[in-house]
**Q** 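My questions will all concern the structure given below.
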Amino acid sequence: MGSAHFLNRGQTMKRMIVTGSAGLIGSEAVRHYDRQGWNVIGIDNNMRRVFFGSDGDTAWQRDRLQRDCSAYRHASIDIRDRRAIFDLFAEIRPDAVVHCAAQPSHDLAATIPFDDFEVNAVGTLNLLEATRRYAAEAPFIFTSTNKVYGDGPNGIPLVEHDTRYDFDVPYHAEGIAENFPIDQTKHSLFGASKVAADVMVQEYGRYFDMNTVCFRGGCLTGAGHSGAQLHGYLSYIFKAAAEDRPYTIFGYKGKQVRDQIHSKDVISAFDAFIAAPRAGAVYNLGGGKANSVSILESIDRIGQLSGRTLTWTLSDHNRIGDHIVYYTDLTRFRSDYPDWRLTMSINDIFDEFARVSFSSRSAA
């Protein structure tokens, strides 16, 4: 690996490594930190296409980043390749690491258990150890998942409304907090591999006193998402509506609820942590109750925005380990970082998707 390819010697710019750099959060991070004057090196070998086929292909995003971001350098490395990761970190010695690369589907994980665990758990360990050896002071940001809680939230009493379920106990009026238990529950193999990574990120923070954080994300979304049926439901449902694809709802009458947080607001949370890092931090990160929406409500809203009727069917079988209701209690993060704000409402998110999905289709 030629060092001139990734880093110009003598540069004084701050250096960041972003894994999964052509994905939704990774690409948002690349663009943001490129604008902020960082030298950003992205790691992404387009495994999303391998996992999800053409719907998941992120090559278009990689090409846009290379065209638009002057200081961006791309490394097509598999995070399971320990030697390649160590060599890159030894050369770059980053000032911050944003780890977004993952196998993100709990359905797919059951069919590729070794790939799932090696990408999510072993790949994360490779990155943590590379950071410890070559950039021990660098903040290490890990995009974890609410699936670390398994299907435990399904045990909370629920109330059924016309278009959604909701929690029916005052204790969870603001959603799921970080003290919710993660064991003795069904996670899916994906959830289990992310638990392993999540706990390892915490351990490197606590054991080695490194500035690590797990952001346990709800539905991270935005128009930069290469949504597929098995991952990225809001992006995919807009794609289905725009391309007249039939859509399948898996269980729970379509009343299952998720909170949506735009990728821009995710990156602003990363900014807050990098400015004031902590060792072994854990935060739930999502749109909260105000940004929560059910699938039925999503379909209705898409119809209002587009004037189109989505063709959908309801399967009686829910996805294994899937949440009926999940939205994020943001109390802990807001307490530690009181200047952070959500800037994109649920309506803003839907409006953005509508502009991109339906205007691009009309142009075609």
Side-chain angles (χ1 to χ4, degrees), residues 24 52-56 104-108 146-147 151 153-154 158-167 175 217-263 265 286-328 342 344-364:
L24 171 67
F52 304 122
S54 58
D55 279 334
S105 169
H106 53 282
D107 293 314
L108 186 61
N146 60 22
K147 295 300 186 292
D151 62 1
N154 292 353
L158 301 176
V159 59
E160 182 176 358
H161 300 293
D162 289 343
T163 60
R164 65 161 64 192
Y165 290 104
D166 201 353
F167 297 130
C219 284
L220 315 182
T221 196
H225 209 179
S226 297
Q229 185 176 26
L230 295 181
H231 182 253
Y233 104 83
L234 193 56
S235 172
Y236 183 75
I237 200 171
F238 267 96
K239 184 181 295 185
E243 298 178 3
D244 296 318
R245 300 188 191 187
Y247 185 79
T248 301
I249 300 172
F250 293 97
Y252 303 130
K253 305 179 186 179
K255 296 183 180 183
Q256 54 268 61
V257 170
R258 301 289 182 274
D259 60 332
Q260 309 289 326
I261 181 170
H262 195 277
S263 53
D265 289 327
K289 188 170 186 176
N291 270 18
S292 67
V293 65
S294 75
I295 294 183
L296 290 182
E297 292 164 353
S298 298
I299 292 171
D300 181 65
R301 182 62 177 151
I302 289 170
Q304 293 174 27
L305 289 168
S306 68
R308 304 176 61 83
T309 300
L310 178 70
T311 301
W312 60 272
T313 56
L314 176 63
S315 169
D316 292 334
H317 301 288
N318 60 278
R319 288 171 165 153
I320 296 174
D322 205 11
H323 296 145
I324 304 172
V325 175
Y326 188 97
Y327 49 85
T328 305
L342 283 170
M344 294 286 283
S345 71
I346 191 67
N347 288 332
D348 294 332
I349 290 169
F350 271 83
D351 289 346
E352 179 188 81
F353 268 117
R355 286 195 304 273
V356 172
S357 301
F358 299 110
S359 64
S360 63
R361 189 176 189 273
S362 300

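All residue numbers in this chain count up from 1 along the given sequence.
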**Q** Give the minimum heavy-atom separation between Gly286 and Leu342, together with the two atoms involved.
**A**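 Answer, listing the atom of Gly286 first, then Leu342: O-CD2, 4.2 Å.
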**Q** Should Arg245 and Tyr236 be marked as a side chain to side chain contact (heavy atoms under 4.5 Å, CB included) after you check the CA-CA gap, both sets of side-chain angles, and the distance that decides it?
**A** CA-CA 10 Å; Arg245 300 188 191 187; Tyr236 183 75; 3.4 Å; yes
**Q** For the residue pair Glu352 and His262, establish whether any side-chain heavy-atom pair is separated by less than 4.5 Å.
**A**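 Yes. Closest side-chain heavy atoms under 4.5 Å.
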**Q** Supply the atom-to-atom distance Ile324 CD1 to Glu160 CD, rounded to the nearest 0.5 angstrom.
**A**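 The CD atom of Glu160 is 10.5 Å from CD1 of Ile324, to the nearest 0.5 Å.
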**Q** For Leu296 and Lys255, which heavy atoms make the closest approach, and how far apart are they?
**A**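 Shortest heavy-atom contact: CD1-CG, 3.9 Å.
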**Q** Under 6.0 Å between the ring centres of Phe358 and Phe353?
**A**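 Centroid distance Phe358-Phe353: not below 6.0 Å, so no.
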**Q** Among all residues two or more places apart in sequence or in another chain, which pass the side chain to side chain donor-acceptor pair (under 3.5 Å) test with Asn154?
**A**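 Residues passing side chain to side chain donor-acceptor pair (under 3.5 Å) with Asn154: none at all.
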**Q** Any donor-acceptor pair under 3.5 Å linking the side chain of Asn318 with the backbone of Phe250?
**A**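 Checking the backbone N and O of Phe250 against the side chain of Asn318, no donor-acceptor pair under 3.5 Å is found.
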**Q** Treating Gln256 as the side-chain partner and Gly254 as the backbone partner, does any N or O pair qualify as donor plus acceptor under 3.5 Å?
**A**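 Here the side-chain-to-backbone pair exists.
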**Q** Where is the tightest heavy-atom contact between Ile320 and His106, given as atom of each residue plus distance?
**A**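 The answer is O-CD2, 3.4 Å.
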**Q** Indicate the atoms forming the closest heavy-atom contact of Ala354 with Phe238, along with that distance.
**A**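 Nearest heavy atoms, Ala354 then Phe238: N-CE2, 3.7 Å.
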**Q** What is the distance from atom CG of Leu220 to atom OG of Ser263, rounded to the nearest 0.5 Å?
**A**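 The OG atom of Ser263 is 8.5 Å from CG of Leu220, to the nearest 0.5 Å.
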**Q** Would you call Asp322 and Arg258 a salt bridge, using N to O less than 4.0 angstrom?
**A**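 The answer is yes: the pair qualifies as a salt bridge.
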**Q** Is there a side-chain contact between Thr313 and Ile249 in this structure, where contact means two heavy atoms from C-beta onward sitting under 4.5 Å apart?
**A**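 Counting from C-beta outward, Thr313 and Ile249 never come under 4.5 Å.
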**Q** Could you give me the CA-CA distance, side-chain angles and deciding distance for Thr163 and Asp300, then say whether side chain to side chain contact (heavy atoms under 4.5 Å, CB included) is met?
**A** CA-CA 10 Å; Thr163 60; Asp300 181 65; over 6 Å; no
**Q** With sequence neighbours excluded, tell me which residues meet side chain to side chain contact (heavy atoms under 4.5 Å, CB included) with Asn347.
**A**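 For Asn347, the residues satisfying side chain to side chain contact (heavy atoms under 4.5 Å, CB included) (neighbours in sequence not counted) are Arg301, Ser345.
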**Q** With sequence neighbours excluded, tell me which residues meet ring-ring contact (aromatic ring centres under 6.0 Å, His included) with His323.
**A**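 His323: ring-ring contact (aromatic ring centres under 6.0 Å, His included) contacts with Tyr326.
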**Q** Rounded to the nearest 0.5 Å, how far does OG1 of Thr328 lie from CG of Asn291?
**A**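 One finds 10.0 Å between CG of Asn291 and OG1 of Thr328.
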**Q** Count the heavy atoms of every other residue, nucleotide or ligand shown that sit under 6.0 Å from CG of Leu158, and state whether that count exceeds 12.
**A**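 More than 12 heavy atoms, drawn from other residues, nucleotides or ligands, come within 6.0 Å of this atom.
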**Q** What's the shortest heavy-atom distance between Tyr165 and Tyr252, and which atoms?
**A**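 Minimum heavy-atom contact is CE1-O, 3.5 Å.
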**Q** Write down the atom of Val325, the atom of Phe167, and the distance for their closest heavy-atom approach.
**A**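 For Val325 versus Phe167, the nearest heavy atoms are O-CZ, 3.4 Å.
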**Q** Quick one: side chain to side chain contact (heavy atoms under 4.5 Å, CB included) partners of Lys289, sequence neighbours excluded?
**A**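 Partners of Lys289 by the side chain to side chain contact (heavy atoms under 4.5 Å, CB included) criterion, ordered by chain and then number, come out as Asp166, Ser292, Tyr327.
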**Q** Say you draw a straight line from OG1 of Thr311 to CD1 of Ile299; how long is it, rounded to the nearest 0.5 Å?
**A**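 With rounding to 0.5 Å, OG1 (Thr311) is 10.0 Å from CD1 (Ile299).
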**Q** Do the non-hydrogen side-chain atoms of Ile237 and Tyr247 ever get within less than 4.5 Å of each other?
**A**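 Ile237 reaches Tyr247 side chain to side chain.
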**Q** Can you name the one residue among Val293, Ile261, Thr221, Asp259 that meets side-chain contact (heavy atoms from CB on, under 4.5 Å) with Ile346?
**A**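 Exactly one candidate clears the test, Val293.
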**Q** Could you tell me if the side chain of Leu310 sits less than 4.5 Å from the side chain of Ile302, heavy atoms only?
**A**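 Side-chain contact under 4.5 Å: no.
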**Q** Looking at residues at least two apart in the chain, or sitting in another chain, which of them share a salt bridge (Lys or Arg N to Asp or Glu O under 4.0 Å) with Asp265?
**A**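 Partners of Asp265 under the salt bridge (Lys or Arg N to Asp or Glu O under 4.0 Å) test: none.
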**Q** Atom SG of Cys219 and atom CG of Asn146: how far apart are they, to the nearest 0.5 Å?
**A**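 Separation between the atoms: 7.0 Å.
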**Q** Test of understanding: with side chain to side chain donor-acceptor pair (under 3.5 Å), list the residues that count as partners of Ser306, not counting sequence neighbours.
**A**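 Listed in chain order: nothing, the list is empty.
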